[in-house]
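For reference, the structure discussed in these notes is given below.
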Amino acid sequence: MNRLTLFIPFALCLALGAFLFFSLGKDPLDLPSALVGEPFPEFALEELHEPERQVSTDDFDGQVLLVNVWATWCFACRIEHPWLNSLAKDGVVIVGLNYKDHRKLAQDWLQERGDPYQFSIFDPRGVLGIDLGVYGAPETYLVDAQGIIRHRRVGVVDERVWNGEFRDLYQQLVDEANAE
Amino acid sequence: MQSNSRPGLGLLKQVGLFLLLLSSSAVAVEDVVSFSDESLRPRYQQLLEELRCPKCQNQNLADSNSAISQDLRAEVQRLLEQDLSDAEIKEYLKNRYSEFILYRPEVNSATWFLWAAPVVLVVLGGLIVLRLSRRKKTDGTEETPIAVRSTDQQQRLDELLNRSKQGSE
């Protein structure tokens, strides 16, 4: 028998070890998203501040924007909120999706901490949440001018995440939209 | 030790108490669900077993009591009442929560290896075992070659062999 074949088990062990080692750094909560590259799901829900006003994807108005899923019961949302405020100040359009929450609590929360949202979708039963595949808050979606979801972040969007995952793609989408 | 010999609590009562403890944990996560048609219930249970909770990983929808699992259980119930087939319900959830939600992954370009691996490994193992056993058989008939055997050792071996032959006669 060729002596080299004796090394096959060793090579297999090495390969397995390498596979497991590189899997270590992976975040198991970072799920593949079914909706990246798909149109933002249709919805017809009340606006948070104006209960009589129905909002839908038509209200996205062909803008490149962020949809931010949040709730008053969500602790991490408090952490990311100041960064969303500063993004809004810089002219980034953000739409709020108030997820499984109470209207009054949510209104007070925004009153107190500032409201970075162009408008807020009120989804107390989480119906849009299920269509989006939301399984917690916060989550943030980047939607292009054609209403296609281009990126999804589960968890906090702060300055580091914005610069790392969103900024360049956002700028590119805005440039594309302006060119048309 | 003391509790075992405590007077007054008969064996039957002890067993009864023990059974009570078991039953309370078994129904802990069960919602009260009502169906328009009771025949939907087994399908509902089956689906909850096979769908994975996206938040609390490594639990299925039946096990988990997280908010998202409650919502998804209600969603499965709603879809069942709408007369969707099991495959359609799985497709519906897969389109939203990605394949991750299926505890039994579909066979596709990313998962075929997962499905084929057990068969491949069994066949591979079988071949190796077959080859090893065959080699052993052929080796057994041949004289075992020992590379290093000094003349001293050979002499001693012959002596021993002769002695045992004489002894047995």
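Proteins come first, then strands; the chains are lettered A, B, ... in the order of their sequence lines, and each starts at number 1.
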When the 4.5 angstrom heavy-atom criterion is applied to A/V134 and chain B, the contacting part is backbone

Does A/Q111 CD have over 12 foreign heavy atoms under 6.0 Å away?
no

A/Y170: partners by ring pair (Phe, Tyr, Trp, His ring centres under 6.0 Å), with sequence neighbours left out
A/W162

Can you hop from A/V127 to A/I130 via hydrophobic side chains spaced under 4.5 Å?
yes

Give a yes or no on whether A/Y117 and A/F119 share a hydrophobic cluster (residues Ile, Leu, Val, Met, Phe, Trp, Tyr; joining criterion: side-chain heavy atoms under 4.5 Å apart).
no

Side chain to side chain, B/Y97 and A/L35, heavy atoms closer than 4.5 Å
no

Chain B contact via A/L132 - which portion, at a heavy-atom distance below 4.5 Å
backbone

If hydrophobic clusters are built from ILVMFWY residues whose side chains come within less than 4.5 Å, do A/L110 and A/V157 share one?
yes

Closest heavy-atom pair, A/A34 versus B/S98, reported as atoms and distance to 0.1 Å, is CB-N, 3.4 Å

Write out, in numerical order, the residues from residues 71-106 of chain A with a heavy atom short of 4.5 Å from a heavy atom in chain B.
A/Y99, A/K100

CZ/B/R156: more than 12 non-hydrogen atoms of other groups inside 6.0 Å:
no

Starting from A/I121, can I reach A/V69 by hopping between I/L/V/M/F/W/Y residues whose side chains sit under 4.5 Å apart?
yes

Establish whether A/Y141 and A/W70 are linked, either directly or via other cluster members, by ILVMFWY side-chain heavy-atom contacts under 4.5 Å.
no

If you compare all heavy atoms of A/G136 against all heavy atoms of B/K55, which two are closest, and at what distance to 0.1 Å?
CA-NZ, 4.4 Å

Should we say atom CZ of A/F7 is surrounded by more than 12 heavy atoms from elsewhere, each under 6.0 Å from it?
no

Distance, nearest 0.5 Å, that separates OH of A/Y135 from SG of B/C53:
10.0 Å

Heavy-atom distance under 4.5 Å to chain A: side chain of B/D71, backbone, both or neither?
both

